[in-house]
Amino acid sequence: MDVLSSRVLIHPRDHEVSTAFYRDALGLAIEREFPGGTRFFAGGGSIEVVGTGEAGPGPDVNLFLQVRDLPATLAELAGRGVEPVREARREPWGTDEAWIADPDGLRIVLVEVPEDHPLRRDQR
């Protein structure tokens, strides 16, 4: 399989509220707007808030967003009214993670890879 691009589609209960959350609260840049949806830049992929959903997210699905500086990101989000669902902590696998949630309760895992983590070391 040769993947050319990727995106996550979120079908929110309230399209306008969720679009405002990803745009204003998280501060994601808009990649594209179209009738019924908005696509946001999210690192190497995209997050698309499109249409409306009925069931809402389940507890087994998380949106994973890697950030450069977790404490600074949490402070920035707090200034926009976004509080963590779970405070930042070092996970057993060595990354620093905090959880927030979108308006429908979708868990968004904010992750910082510490300087000394194997993912940050030059493996050559």
Side-chain angles (χ1 to χ4, degrees):
M1 177 169 75
D2 188 15
V3 178
L4 301 178
S5 69
S6 64
R7 67 182 185 260
V8 173
L9 274 62
I10 297 172
H11 302 283
R13 290 189 189 122
D14 186 321
H15 181 83
E16 290 184 22
V17 168
S18 288
T19 298
F21 174 80
Y22 286 93
R23 181 190 62 226
D24 303 331
L26 295 189
L28 299 181
I30 294 173
E31 180 179 344
R32 179 173 176 251
E33 293 180 288
F34 52 91
T38 303
R39 185 180 304 161
F40 297 93
F41 287 105
S46 300
I47 297 170
E48 192 167 299
V49 179
V50 61
T52 55
E54 297 175 14
D60 296 333
V61 176
N62 301 307
L63 180 58
F64 180 99
L65 300 176
Q66 184 177 342
V67 299
R68 286 188 201 286
D69 185 329
L70 186 56
T73 299
L74 291 170
E76 178 184 347
L77 292 174
R80 295 183 188 145
V82 179
E83 294 298 325
V85 173
R86 194 198 78 180
E87 295 293 332
R89 66 177 162 210
R90 176 79 35 104
E91 296 294 346
W93 42 90
T95 58
D96 296 331
E97 300 184 9
W99 300 349
I100 60 173
D102 81 354
D104 287 328
L106 174 63
R107 182 184 302 150
I108 300 171
V109 180
L110 303 175
V111 179
E112 178 183 348
V113 179
E115 288 289 331
D116 62 345
H117 194 281
L119 290 174
R120 296 275 295 261
R121 291 192 203 126
D122 185 347
Q123 300 295 316
R124 289 180 281 169

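Between Leu63 and Asp102, every side-chain heavy-atom pair lies at or beyond the 4.5 Å cut-off. Annotation: side chain of Ile47 is not in contact with side chain of Leu26 (no heavy-atom distance under 4.5 Å). Considering only heavy atoms from C-beta on, Phe41 stays 4.5 Å or farther from Leu28 through its side chain. Looking at heavy atoms from C-beta onward, Ser18 lies in side-chain contact with Asp104 at the 4.5 angstrom threshold. A 4.5 Å side-chain heavy-atom check between Leu70 and Val111 finds every atom pair outside the cut-off. Taking the side chain as every heavy atom from C-beta outward, Val8 and Phe64 never approach each other to under 4.5 Å.
Identified under the salt bridge (Lys or Arg N to Asp or Glu O under 4.0 Å) test for residues 16-26, with sequence neighbours left out: none. Residue pairs that meet the side chain to side chain donor-acceptor pair (under 3.5 Å) test with at least one member in residues 40-60, sequence neighbours left out, are Arg7-Glu48, Glu31-Ser46, Arg39-Glu48.
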Walk me through it: do Glu97 and Arg107 pass the test salt bridge (charged side-chain N to carboxylate O under 4.0 Å, His left out)?
-> CA-CA 12 Å; Glu97 300 184 9; Arg107 182 184 302 150; over 6 Å; no
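A distance of 9.0 Å separates CG in Leu77 from CD1 in Ile108, rounded to the nearest 0.5 Å. Distance CG/Asp69 to CG/Leu110: 11.5 Å, rounded to 0.5 Å. Between the CH2 atom in Trp99 and the CG atom in Leu106 there is a gap of 12.5 Å [rounded to 0.5 Å]. Distance check, rounded to the nearest 0.5 Å: CZ of Arg89 to CG of Asp96 gives 11.5 Å.
Put simply, the side chain of His11 never gets that close to the backbone of Val49: no donor and acceptor are under 3.5 Å apart.
Through direct or relayed side-chain contacts under 4.5 Å between Ile, Leu, Val, Met, Phe, Trp and Tyr, Trp93 connects to no other residue.
In plain terms, the two heavy atoms of Glu83 and Ala78 that are nearest each other are OE2-CB, 3.8 Å. Shortest non-hydrogen contact noted between Pro103 and Phe21 is CD-CG, 3.5 Å. Smallest separation of non-hydrogen atoms from Gly51 and His15: O-ND1, 3.3 Å. Shown here for Pro12 and Ile10, the closest heavy-atom pair between the two residues is CD-O, 3.1 Å. In plain terms, the two heavy atoms of Arg90 and Pro114 that are nearest each other are NH2-CG, 3.4 Å.
Leu9 and Phe34 fall within the same hydrophobic cluster, defined by Ile, Leu, Val, Met, Phe, Trp and Tyr side-chain heavy atoms under 4.5 Å apart, directly or through other members.
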